[in-house]
Amino acid sequence: MLDHPSPALSDPPQAKVTAPVYVYELPVRIWHWVMALAITILAVTGFFIADPIWPLQVGQPYNHYLMGDIRFTHFVSAYVLALAMVVRVYWAIVGNRYAREIFLPPVWSRAWRGEFLKTIRWYLLIERETSKEIGHNPLAQTAMFAMFVLGVIFEIITGFALYGEGVGYGSWSYDLFTRWVVPLFGSSQTVRSWHVLGMWYLILFVIVHVYMAIREDIMSRQTIISTMINGWRFFKDDRP
């Protein structure tokens, strides 16, 4: 029912909304919220891994295995994140055109570059009105690719390199990542430091992403937040 809502029932109050477009398919929407949850868990558990909790407790370790549970949760969330990215790349190939936007911003297009500059002026309050955007606007596409996609890939590579170091020789993570990532960075401690910086890079992206989504939902000519829930984009006017 969420994929094909009635436009009449989906109209926001006191706004003329016309020509709804089905933008984000169900797999993309599920991926979005799975990634949001995974990144939240990874950031919280990663913070405690970087600055461990050492409770002054007595008795056997299995009675207060807090850090072990935190690390396990971190590892499971990392697997979910990595698998979700693989599925998302697949859906970028088989899904609709909007499923590919975050992976390949068309920087070679003069029209796209013009809209990119116009979007920047819009966010700087120089432009009085933004263009109608069906998918991501050019600035959002750039941020999603440069900050989110590349940031997540960096975290997956460095994270599994550290994970492989703990699992040891012969493991898939050691052979695929640890073997070359640690020598590339010079030491596992350097990899760990960059992995933590990558976490803060993604946290910065999340802050900017949430701000931009809320701002666009209020000020732009189209719906934003609800589109990632029901898949449909509605426009607040019938002008081109």
Side-chain angles (χ1 to χ4, degrees), residues 27-91 102 143-214 228-229:
V28 173
R29 301 191 321 263
I30 293 175
W31 169 83
H32 176 276
W33 297 112
V34 168
M35 292 294 286
L37 179 61
I39 288 175
T40 300
I41 295 174
L42 284 165
V44 173
T45 55
F47 175 82
F48 287 119
I49 292 173
D51 187 15
I53 300 173
W54 299 110
L56 298 177
Q57 298 180 359
V58 296
Q60 295 299 319
Y62 57 74
N63 290 326
H64 47 86
Y65 195 58
L66 177 60
M67 285 306 303
D69 292 334
I70 289 175
R71 284 171 59 84
F72 176 76
T73 304
H74 190 81
F75 297 154
V76 171
S77 300
Y79 272 103
V80 171
L81 182 85
L83 180 60
M85 281 302 293
V86 172
V87 173
R88 183 64 176 83
V89 171
Y90 166 76
W91 197 259
I102 68 172
M144 287 292 293
F145 174 74
M147 297 189 70
F148 181 76
V149 173
L150 296 184
V152 167
I153 291 174
F154 179 83
E155 288 296 272
I156 290 173
I157 292 174
T158 55
F160 277 118
L162 295 170
Y163 177 74
E165 191 175 43
V167 176
Y169 294 98
S171 65
W172 70 268
S173 52
Y174 188 93
D175 292 337
L176 285 180
F177 297 104
T178 311
R179 189 182 298 276
W180 64 272
V181 173
V182 172
L184 178 65
F185 282 83
S187 68
S188 60
Q189 182 56 49
T190 304
V191 177
R192 193 176 306 277
S193 297
W194 278 101
H195 189 67
V196 173
L197 287 175
M199 177 189 74
W200 287 109
Y201 186 70
L202 286 177
I203 290 174
L204 175 62
F205 164 79
V206 170
I207 294 172
V208 173
H209 178 65
V210 171
Y211 162 74
M212 291 176 69
I214 295 174
M228 195 51 74
I229 297 174

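If you read the sequence from its start, that first residue is 1, and numbering goes on from there. Bear in mind the structure is a predicted one, so any value in this text is a computation, not a measurement.
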**Fill in**
By side chain to side chain contact (heavy atoms under 4.5 Å, CB included), Ile30 pairs with (sequence neighbours left out) Leu26, Val34
**Item:** Those residues that, when tested against Leu150, pass side chain to side chain contact (heavy atoms under 4.5 Å, CB included) (two or more places apart)
**Value:** Phe145
**Request:** Please list, chain by chain and in numerical order, all residues satisfying side-chain hydrogen bond (donor to acceptor under 3.5 Å, both in side chains) with Thr178, sequence neighbours excluded.
**Result:** none
**Prompt:** With sequence neighbours excluded, what pairs up with Tyr90 under the side chain to side chain contact (heavy atoms under 4.5 Å, CB included) test?
**Reply:** Val94
**Message:** Considering only residues two or more places apart or on different chains, which pairs with a residue in residues 177-201 satisfy salt bridge (charged side-chain N to carboxylate O under 4.0 Å, His left out)?
**Reply:** Asp175-Arg179
**Item:** Least distance between heavy atoms, Gly164 atom then Ser173 atom
**Value:** CA-OG, 3.1 Å
May I have the list of side-chain donor-acceptor pairs in residues 66-76 shorter than 3.5 Å, sequence neighbours left out?
from, atom 1, to, atom 2, distance (Å)
Thr73, OG1, Asp69, O, 2.9
His74, ND1, Leu42, O, 3.4
His74, ND1, Thr45, OG1, 2.8

**Message:** Within this structure, what is the CZ-CG distance for the pair Phe177 and Leu162, rounded to the nearest 0.5 Å?
**Reply:** 11.5 Å
**Prompt:** Can any side-chain N or O of Trp33 pair as donor or acceptor with the backbone N or O of Met228 at less than 3.5 Å?
**Reply:** yes
**Item:** Inter-residue atom distance His195.NE2 - Tyr163.OH, 0.5 Å rounding
**Value:** 13.0 Å
**Prompt:** Which residues pass the side-chain hydrogen bond (donor to acceptor under 3.5 Å, both in side chains) test with Ser188, sequence neighbours left out?
**Reply:** Glu165
**Prompt:** If you take all heavy atoms of Met85 and Trp31, which pair is closest and at what distance?
**Reply:** SD-CZ2, 3.9 Å
**Residue list, side chain to side chain contact (heavy atoms under 4.5 Å, CB included) with Ala82, at least two apart or on another chain** = Ile156, Phe160
List the atom pairs, with distances to 0.1 Å, where a side-chain N or O of residues 196-212 and a protein N or O form a donor-acceptor pair under 3.5 Å, not counting sequence neighbours.
from, atom 1, to, atom 2, distance (Å)
Tyr201, OH, Ala146, O, 3.3
Tyr211, OH, Arg215, NE, 3.4

**Prompt:** How would you list, by chain and number, every residue that makes a side-chain hydrogen bond (donor to acceptor under 3.5 Å, both in side chains) with Trp91, sequence neighbours excluded?
**Reply:** Glu25
**Message:** Please report the interatomic distance CE(Met35) to CG(Leu81), rounded to the nearest 0.5 Å.
**Reply:** 4.0 Å
